[in-house]
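Here the structure is a predicted model, which is why all the values come from computation and not from measurement.
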Amino acid sequence: MNDTKKEPAPRASASGARYDVVVVGAGAAGLNAALVLARARRRVAVVDAGAPRNAPAAHMHGFLSRDGMEPAALLEAGRAEALGYGVDLLDAQVEHIAPGFQVTLAGGPVLGARRVLVATGLRDRLPEIPGVREQWGKDLLHCPYCHGYELRDQPLGVLGTRPAAVQHALLLRQWSSDIVFFQDALELSDADREQLAARGVRTVEGAVKRLAVHGGRLRGVELAEGRVVPRSAVFLVPQMVPNDQLLTDLGCVKDDHGWVVTDRSGRASVAGVWAAGNVTDPRAQVVTAAGMGASAAFALNHDLVAEEVREAVERRTRDGAASGHLAASAT
């Protein structure tokens with residue numbers, strides 16, 4: 001068995017380059033899909049604009065064998081592995097995907113593809129509270145499963161900027177007994193208050209003025225009345241907006257919550273289109289997104305094989321008919 005990786009293919013630059021699959025997005029989902037497809041001896045291009053959602057985070061967690069790794073280091077390793085199998089990595093913005101899968105990049109090049117996989121992730125829409133954007137991904141966080149263990153037993157807060165924040169506070173109590181829920185402008189039901197109190201979460205009423213930051217580090221949450229409640233870290237639930245314009249432009253169907261509908265493999269409602277990662281599932285962590293990319297790659301390759309078999313049968317049938325016609329003419 002020869003397991004030597006092939007040399008990387010030249011990067012595509014000419015208009016009209018033909019690929020089996022063009023992957024849009026080089027996060028965990030896109031790169032893992034490209035790796036699996038390249039190992040299936042498919043010609044693959046990955047196009048990425050270089051704006052990963054988790055760029056502000058120093059480390060990622062919950063990924064077996066990669067726990068604590070810097071997100072950028074994972075992507076660097078993934079890009080190197082994909083290149084080693086001949087994947088073309090293009091640092092560019094995809095402007096449009098036309099029917100028939102002509103993928104137009106910013107600046108003019110067009111890549112032809114038999115199939116497309118969109119793994120463009122999502123963006124976090126944050127509340128307009130001073131200090132939020134500056135501390136996001138540092139000591140203002142979203143995912144307890146990503147950061148909760150490192151902050152265990154510390155004084156934590158949850159900003160009540162969205163209704164789901166109540167459940168977030170109840171969940172965070174698993175990691176610390178000192179949780180403060182900052183109600184801000186959120187209306188709480190009697191059931192909400194009862195659950196928070198029963199769980200040992202303290203509720204602080206009043207509008208949040210800003211995050212109190214000193215020397216680049218969070219010190220607490222300042223209320224409009226002027227009081228600062230000290231906290232080591234604060235969590236919030238952002239509004240998650242999928243980067244799905246390419247999918248919607250192709251006509252992919254969305255569900256009632258505004259997310260593109262796919263089957264378990266990531267196949268969208270438009271033939272030949274797949275999606276994976278946070279662009280379809282806001283709950284997907286890095287490890288989940290990587291698995292979604294692999295599942296999509298399996299399905300994509302099977303779909304391509306099925307098409308190739310159909311075409312081979314049609315050619316064989318045509319050739320057989322032509323041979324029969326010639327034999328009949330000769331007699």
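- Residues V208 and L236 share a hydrophobic cluster, clusters being chains of Ile/Leu/Val/Met/Phe/Trp/Tyr side chains in contact below 4.5 Å.
- Under a 3.5 Å cut-off, the side chain of S295 and the backbone N or O of G291 do form a donor-acceptor pair.
- Residue-environment remark: CD (E194) stays at or below the threshold of 12 foreign heavy atoms within 6.0 Å.
- Contact record, V228 with A212: CG1-CB, 4.0 Å, taken as the closest heavy-atom pair.
- Between N243 atom CG and R123 atom CZ the span is 5.0 Å, to the nearest 0.5 Å.
- In summary, the side chains of S265 and D263 do present a donor paired with an acceptor at a separation below 3.5 Å, with no hydrogens or angles considered.
- Within 6.0 Å of CD in E134 there are more than 12 heavy atoms belonging to other residues, nucleotides or ligands.
- Looking only at side-chain heavy atoms (C-beta outward), D88 and R43 come within less than 4.5 Å of each other.
- Using cut-offs of 30° and 60° on the angle between ring planes, the pair W175 and Y145 is perpendicular.
- V116 and V47 fall within a single hydrophobic cluster, where Ile, Leu, Val, Met, Phe, Trp and Tyr are joined by side-chain heavy atoms under 4.5 Å apart, directly or via other members.
- Taking 4.5 Å as the limit, every side-chain heavy atom of Q174 sits out of range of all side-chain heavy atoms of P144.
- Grouping the Ile, Leu, Val, Met, Phe, Trp and Tyr side chains by contacts below 4.5 angstrom, directly or via other members, places L141 with I179.
- For the residue pair G160 and D184, the shortest heavy atom distance occurs at O-CB, 4.1 Å.
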Task: Pair R219-V213, side chain to side chain contact (heavy atoms under 4.5 Å, CB included): steps then yes or no - done: CA-CA 5 Å; R219 299 303 180 189; V213 179; over 6 Å; no
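- Counting non-hydrogen atoms of neighbouring residues, nucleotides and ligands closer than 6.0 angstrom, the CD atom of E225 exceeds 12 such neighbours.
- Distance check, rounded to the nearest 0.5 Å: CG of L89 to CG of L31 gives 7.0 Å.
- Ion pair R79/D91 flagged as a salt bridge, since at least one NZ, NE, NH1 or NH2 atom sits closer than 4.0 Å to an Asp/Glu carboxylate oxygen.
- Taking 4.0 Å as the cut-off between side-chain N and carboxylate O, D20 and R114 count as a salt-bridged pair.
- Taking CG of D303 as the reference point, atom CZ of F298 lies at 15.0 Å (rounded to 0.5 Å).
- Side-chain atoms of L223 and K209, non-hydrogen and from C-beta on, never get closer than 4.5 Å to each other.
- Within the model, atoms CG of L64 and CZ of R66 stand 9.0 Å from one another, a figure rounded to the nearest 0.5 Å.
- No more than 12 heavy atoms of other residues, nucleotides or ligands shown are found within 6.0 angstrom of CG on D190.
- In this structure, L247 is a member of the same hydrophobic cluster as F101, with clusters built from ILVMFWY side-chain heavy atoms closer than 4.5 Å.
- Of the inter-residue distances, the one linking R115 atom CZ with L304 atom CG reads 4.5 Å to the nearest 0.5 angstrom.
- For the pair T262 and R267, the minimum side-chain heavy-atom distance is 4.5 Å or more.
- Of the residues V166, V204, L170, the one that meets the side chain to side chain contact (heavy atoms under 4.5 Å, CB included) test with F181 is V166.
- Under the 4.5 Å side-chain criterion, counting only non-hydrogen atoms from C-beta, L186 is in contact with P163.
- Between L250 and I97, the closest heavy-atom pair is CD2-O, 3.4 Å.
- Paired with R231 under the rule side chain to side chain contact (heavy atoms under 4.5 Å, CB included), one option of V158, D139, D178, L211 passes, and it is D178.
- Residues V287 and V279 do not share a hydrophobic cluster, clusters being chains of Ile/Leu/Val/Met/Phe/Trp/Tyr side chains in contact below 4.5 Å.
- Distance alone, capped at 3.5 Å, places no donor-acceptor pair between the T280 side chain and the V260 backbone.
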